[in-house]
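So the structure is just underneath, and the comments pick up after that.
We use all heavy atoms of the structure for the numbers below, so side chains are in, but hydrogens, waters and symmetry mates are not. Both counts, for ligands and for their atoms, begin at 1 and track the order of listing.
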Amino acid sequence: MSKGLETRAYTDNQQAFFFGQIKKMAAWATQTGKAFAFWREPKSDNIQAVADFSDKKDRLTDQVRNREKGFAISPFSQNSDGFFIKADLYLSQNGDGSHSEDLLDQIFEEHTKAPEEALHYHLSEGQETSTPTQESDYKKMVTDAVMAIESGKFEKVVPSKMKHETLPDNFDLFHTFLKACEKYPSAFVCVCSLPEVGTWFCATPEILVRQDEEGIFRTMALAGTQVADPEVPLAEIAWRQKEIEEQALVSRYIINCFKKIRLREFEEHGPKTVRAGGLTHLRTEFRVDTHAVGQPEVAHQMLELLHPTSAVCGMPKKPATEFIELHEKHDREFFSGYLGPSNISGVTAAYVNLRCMKVLADKAMLFAGAGVTQDSDPEKEWKETEAKCMTLLNTLR
Ligand SMILES: C=C(O[C@@H]1C=C(C(=O)O)C=C[C@H]1O)C(=O)O
């Protein structure tokens, strides 16, 4: 098992101390205009955090490739850059973060006294006015998508919606984060907060790329969705042709990307039915031993080629993107983009920003999409997006 996936027992004191540090970091960073992120990787209990000391955030360019330590967040649109949060400060619950208590207190100064308050986070201006997607508009979009598919414009598209939820009076983002960590042990749970962007929170089931310190590269084709019936064992869940084809398209897309970088030796496992919160999906996992195949740059190369995958955009990519740009009334911003740690404890990972929300002062903007193919039913796709939104709504209510 790689270093990032260890689990350890923490004493209550250790935990309270570490959680206090994260709260102090967030208070200091928010009040001084610094970017920060904290996260927990799937099947790990190690919460990690980074903060960038600079006032102006770097646009995401070559930092991941250049092996800089930090945290990357990239939007859905390929026309705008993401951001890179440098790990000037790195905290890790398992003790890998190498900052002494004194040094941290010095950095956080007056913020050291207020760790009991609700977690502070950056707010972005300008988005509060965008209106949530109406059910009728979403269904019309699905109908239009099916027509476009029938007329041969593309094979698959993933229309999305945006939904508002009022935050509870006693809302505490850190508490919500911990609740999501507990409820969704297999998800990548993350808070990413920048003055330029605002604050995003996700509990996503989807790895875009992950390469660990042993050089093992992973990605996955995740698509096809059903609301999980806890009574039915995973092995007994049946899939319709529609979902099987939809997921196979994503697998094919990934294999094509491997071909583009002339990578022939990869392991393919699946498709298998997997649970993600209250949902089940079909998933094929891909694994490459980058040392054995002599291609150490697979993660960087694949990141450029994969994003956005047909799981969140469609196939072929260009006409599907055009459909999304033309039909969706909201700006996806960082929804269905990617985010994750870069060169932290030997791990570089980008997860697809799904089951996510943008956190505002008194409300959240939730985002969800559903893969539309020729056989899609507008009612079913709408219900699927509602079910996807429940992942985070269940941590708020
Ligand atoms: C687009 C989303 O999820 C993606 C789309 C899926 C689908 O269409 O069945 C399933 C998993 C994800 O790859 C989302 O969660 O908003």
Practice prompt. Take Tyr121 and Trp200 through the ring-ring contact (aromatic ring centres under 6.0 Å, His included) test and state the conclusion after the steps.
Written response: CA-CA 10 Å; Tyr121 55 89; Trp200 285 80; over 10 Å; no

Worksheet item: Do the non-hydrogen side-chain atoms of Phe266 and Arg287 ever get within less than 4.5 Å of each other?
Response: no

Response to the item:
Checking heavy-atom distances from atom 3 (O) of ligand 1 to each of Arg355, Glu206, Glu246, His281, the winner is Arg355

Worksheet item: Looking only at heavy atoms, is any part of Ala370 under 4.0 Å from ligand 1, and if so is it the side chain, the backbone, or both, or is it neither?
Response: backbone

Discussion item. Please list, in number order, the atoms of ligand 1 under 4.0 Å from a heavy atom of Thr225.
Written reply: 6 (C), 7 (C), 9 (O), 10 (C)

Discussion item. As an exercise, identify every atom of ligand 1 less than 4.0 angstrom from a heavy atom of Gly369.
Written reply: 1 (C), 2 (C), 14 (C), 16 (O)

Item to complete: Could you tell me whether Glu386 and Lys163 make a salt bridge, using a distance below 4.0 angstrom between a side-chain N and a carboxylate O?
Response: yes

Fill in: Carboxylate-amine/guanidinium contact Asp45 Arg40, below 4.0 Å
no

Discussion item. So is Gln247 touching ligand 1 or not, going by heavy atoms under 4.0 Å?
Written reply: no

Worksheet item: What is the nearest protein non-hydrogen atom to atom 8 (O) of ligand 1, stated with its residue, atom name and distance?
Response: Gly371 N, 2.8 Å

Worksheet, complete the sentence: Looking only at protein heavy atoms, what sits closest to atom 6 (C) of ligand 1 is Lys388 NZ, 3.2 Å

Discussion item. Give the atom numbers and elements of ligand 1 that come within less than 4.0 Å of a heavy atom of Ala311.
Written reply: 4 (C), 5 (C), 13 (O)

Worksheet entry | Residue Gly224 vicinity, atoms of ligand 1 by number, heavy atom under 4.0 Å | 7 (C), 9 (O)

Response to the item:
In ligand 1, the atoms that come under 4.0 Å of a heavy atom of Phe335 are 16 (O)

Practice prompt. Considering only NZ, NE, NH1 and NH2 on the basic side and carboxylate oxygens on the acidic side, decide whether Lys24 and Asp105 come within less than 4.0 Å.
Written response: yes

Worksheet entry | Contact atoms of ligand 1, heavy-atom distance to Ala368 under 4.0 Å | 16 (O)

Worksheet item: Quick check: does Ala223 get an N/O under 3.5 Å from an N/O on ligand 1?
Response: no

Worksheet item: Among the clusters formed by ILVMFWY side chains lying less than 4.5 Å apart, do Met25 and Leu123 turn up in the same one?
Response: yes

Discussion item. Considering both backbone and side-chain atoms of Phe367, is one of its nitrogen or oxygen atoms within less than 3.5 Å of a nitrogen or oxygen in ligand 1?
Written reply: no

Discussion item. As an exercise, identify every atom of ligand 1 less than 4.0 angstrom from a heavy atom of Glu384.
Written reply: 7 (C), 8 (O), 9 (O)

Worksheet item: Under 4.5 Å between side-chain heavy atoms, hopping through other hydrophobics if needed: is there a path connecting Leu282 to Ile207?
Response: no

Worksheet item: Closer than 4.0 angstrom: is that true for some heavy atom of Glu243 and an atom of ligand 1?
Response: no

Item to complete: State plainly whether one hydrophobic cluster holds both Ile261 and Val293, where clusters connect Ile, Leu, Val, Met, Phe, Trp and Tyr through side-chain heavy atoms under 4.5 angstrom apart.
Response: yes

Worksheet item: Under 4.0 Å between a Lys/Arg side-chain N and an Asp/Glu carboxylate O for Lys139 and Glu379?
Response: yes

Item to complete: Look at Glu333 together with Lys358 and state whether they make a salt bridge at an N to O cut-off of under 4.0 Å.
Response: yes

